[in-house]
Amino acid sequence: MPGKTDNRPAVPGPEAQELAARLSSNSVEALPEGGLAAQLDRDGPLRIKLGIDPTAPDIHLGHTVVLNKLAQFQAEGHQVVLIIGDYTARVGDPSGRSEQRPVLTPEQIDANAATFQDQAFRILDRSQTEVRFNSEWLRMEAEDLFSLMAKATIARLLERDDFQKRIEAGRPISALELLYPLLQGYDSVAIDADVELGGTDQKFNLLFGRDIQAAYGRPQQTVMTMPILPGIDGTRRMSKSLGNYIGVTDPPEEMFGKLMRVPDANLTEYWQLLLGADPPAGDSPIQAKRELGRRLVARFHDEAAADLAEQHFDRVFVRHEAPEEIEEFEIAGDGDVHLPAALAEMFGISRSEGRRVLAQGGVKRDGEVLPAEPLDYPVPELDGAVIQVGKRRFRRLRAGA
RNA sequence: GGGGGAGUGCCCGAGUGGUUAAAGGGGACCGGCUGUAAACCGGUUGGCUCCGCCUACGUAGGUUCGAAUCCUACCUCCCCCA
């Protein structure tokens, strides 16, 4: 059958090779070797696939590594196809049972998908993006599913090393997990993917998609894996559930502040993966880190926000002054304020924890450390006071009417 | 279908009748040093009406002066044999 693969020239032209190299920048692998150049050598836009899991809607900087790559393809005129894995999410992956992952309702999945798209289009060009839900084609007849399942063997599916490790550790692997690569691969068949992107952890699934496409007599996609961005702890991958993430919708001061906490050792990595450049030569780590913060805040907010965020940082963390704007907390009109209770309410901690930070000298009133005793203060004495817990939690007290 | 093993605090993981709110590690929080970096050091880490009380070791009962530890049933998971 005539297809894109059939009239492939033996050697891609130099232009295609050059473009392929450019598009592969930052990637860990682009497979098979020379595949992308060959695809680019043919005319017409390529279909670039990215599958996303709609169980967690918020996009963080880790996701943007892949999204930026998609945007780069778009800039060259290619078509991005975003696949929202609503069907697989709806089935509910039982493998996470130890993580007590709740099965999401269709409404939640739709809401998450909407949020995700909203955030993704801060990076991607909407006009060059096709959004598809995989329930569209995965809601298939059992007969069709069986025929899909017949295209792979268990041995092949078990090859992936994370399964191997789990088997050795005696941890469970659900049948659905085993099937996952098949379903993901079928997505590629359904949308005629030319290139599929993903993190390095997706390598197996991405390559498996090629086999499935071939089994259905389709041209095979090439795959490109991107590095995994470490979180602000500098060790584990950035992820919302690990709490080490920077969300693209984080407020400017928070985004800047979190970036400043990234370990120096990861600075070059952050520059390369997020800005596509090396830190300016000759800059000290702190200078390079500030510049990183300014640029990223400017990207996801704007220049003015970046300036303000840096000023806020200098004020609160370098000079240890109270921030310009502090949320108010209303205290009851008369009588005493029981500090542990007030702290609990103000900062969403328990009263016991309030007592603890107080005892540890972690609570300040207008910059002065409060002693462990007393616990109660007359309301008028605290009216207007700025209460601070630790380095970055502030509230201004206001006596109620 | 048969046999064996496991469920502990945010997570991992000790503990097999009392001095256990439960070792140790991780994480988190507070403090020190700083560039809110990392590393490092010290402290804290169930709740509350906090020098005491309450609730906790899968769930529900039971034995005992006393149980996370023993018994019974149930739930969930893992492994092996078929």
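Chain letters run A, B, ... following the sequence lines, proteins first and then strands; every chain starts at 1. Keep in mind that this is a model prediction, so the values were computed, not measured.
Pairing for B/rC77 goes to B/rG5, judged as Watson-Crick or G-U wobble with the two contacts each under 3.5 Å. If you check B/rU49 for Watson-Crick or wobble pairing at under 3.5 angstrom, you find it has no partner at all. Nucleotide B/rG17: unpaired (no Watson-Crick or G-U wobble partner with both distances less than 3.5 Å). With a cut-off of 3.5 Å on both Watson-Crick or G-U wobble distances, the partner of B/rC70 is given as B/rG62. Here B/rA28 sits opposite B/rU44 as a Watson-Crick or G-U wobble pair (both hydrogen-bonding atom distances under 3.5 Å).
B/rC75 sits 24 Å from B/rC10 when the C1' atoms are compared, rounded to a whole Å. For the C1' atoms, the distance from B/rG9 to B/rC57 is 8 Å, rounded to whole Å. Taking atom P in both B/rC53 and B/rA21, one finds a spacing of 12 Å when rounded to whole Å. The gap from the C1' atom of B/rC51 to that of B/rG42 amounts to 25 Å, rounded to the nearest Å. The P atoms of B/rU44 and B/rA23 are separated by 12 Å, rounded to the nearest whole Å. Spacing of P atoms, B/rC40 relative to B/rA56, comes out at 38 Å, to the nearest Å. B/rA68 and B/rG17 are spaced 10 Å apart, taking the C1' atom of each and rounding to whole Å. Atom P of B/rG58 sits at a distance of 14 Å from the matching atom of B/rA14, rounded to the whole Å.
Straight-line distance from the CZ atom of A/F347 to the P atom of B/rC30: 11 Å, rounded to whole Å. At whole-Å resolution of the value, CZ in A/R261 and P in B/rA38 are 8 Å apart. Rounded to whole Å, the distance from CG on A/L370 to C1' on B/rG31 is 15 Å. The nearest whole Å value for the distance from the CZ atom in A/R236 to the P atom in B/rC11 is 14 Å. Between A/L375 atom CG and B/rC48 atom P there is a gap of 13 Å when expressed in whole angstrom units. Whole-Å rounding puts the A/Y245 OH to B/rG27 P distance at 19 Å. Rounding to whole angstrom units, CD of residue A/Q287 and P of B/rG35 are separated by 13 Å. Between the CG atom of A/D264 and the C1' atom of B/rU36 there is a distance of 13 Å, rounded to whole Å.
In this structure, A/K151 places its NZ atom where more than 12 heavy-atom neighbours from other residues, nucleotides or ligands lie under 6.0 Å away. Enclosure of atom CD in A/E381 by more than 12 non-hydrogen atoms of other residues, nucleotides or ligands within 6.0 angstrom is indicated.
Mapping A/R290 and A/H338 onto RNA chain B by nearest heavy atom places A/R290 at the nucleotide closer to the 5' end. Nucleotides of RNA chain B nearest to A/E353 and A/P285 differ in position, and the one nearer the 5' end is that of A/E353.
In this structure, A/G390 reaches the sugar-phosphate backbone alone: every heavy-atom distance under 4.0 Å involves primed, P, OP1 or OP2 atoms, never a base. Here A/V316 lies out of heavy-atom contact (under 4.0 Å) with every strand. Nucleic acid contact for A/V262: sugar-phosphate only, since backbone atoms but no base atoms lie under 4.0 Å from a heavy atom of the residue. Within 4.0 Å of A/R393, counting heavy atoms only, lie sugar-phosphate atoms of the nucleic acid but no base atom.
Across B/rU49, B/rG35, B/rU36, the shortest atom-to-atom separation from the side chain of A/R351 is found for B/rU49. Checking B/rG35, B/rC30, B/rG47 against every side-chain atom of A/Q360, the shortest atom distance belongs to B/rC30. In the set B/rG35, B/rC30, B/rU45, B/rG35 carries the atom at the smallest distance from any side-chain atom of A/K289. The A/S350 side chain lies nearest to B/rC48 when the options are B/rC48, B/rG31, B/rG35.
Between A/F208 and A/F204, the two ring planes are parallel [angle under 30°; tilted spans 30° to 60°]. Taking the six-membered ring where the residue is Trp, A/H60 and A/Y245 present tilted rings, their angle falling between 30° and 60°.
Side chains of A/L259 and A/K289 form no contact here, defined as non-hydrogen atoms less than 4.5 Å apart. Contact of the A/D41 side chain with the A/E15 side chain is not registered, since no non-hydrogen atoms from C-beta on lie closer than 4.5 Å.
A side-chain N or O of A/D58 and one of A/Q119 form a donor-acceptor pair less than 3.5 Å apart.
Under 4.0 angstrom from either OP1 or OP2 of B/rG46 there lies no side-chain N or O belonging to A/R355. Between A/S352 and the phosphate of B/rU45, there is no side-chain N or O to OP1/OP2 separation shorter than 4.0 Å.
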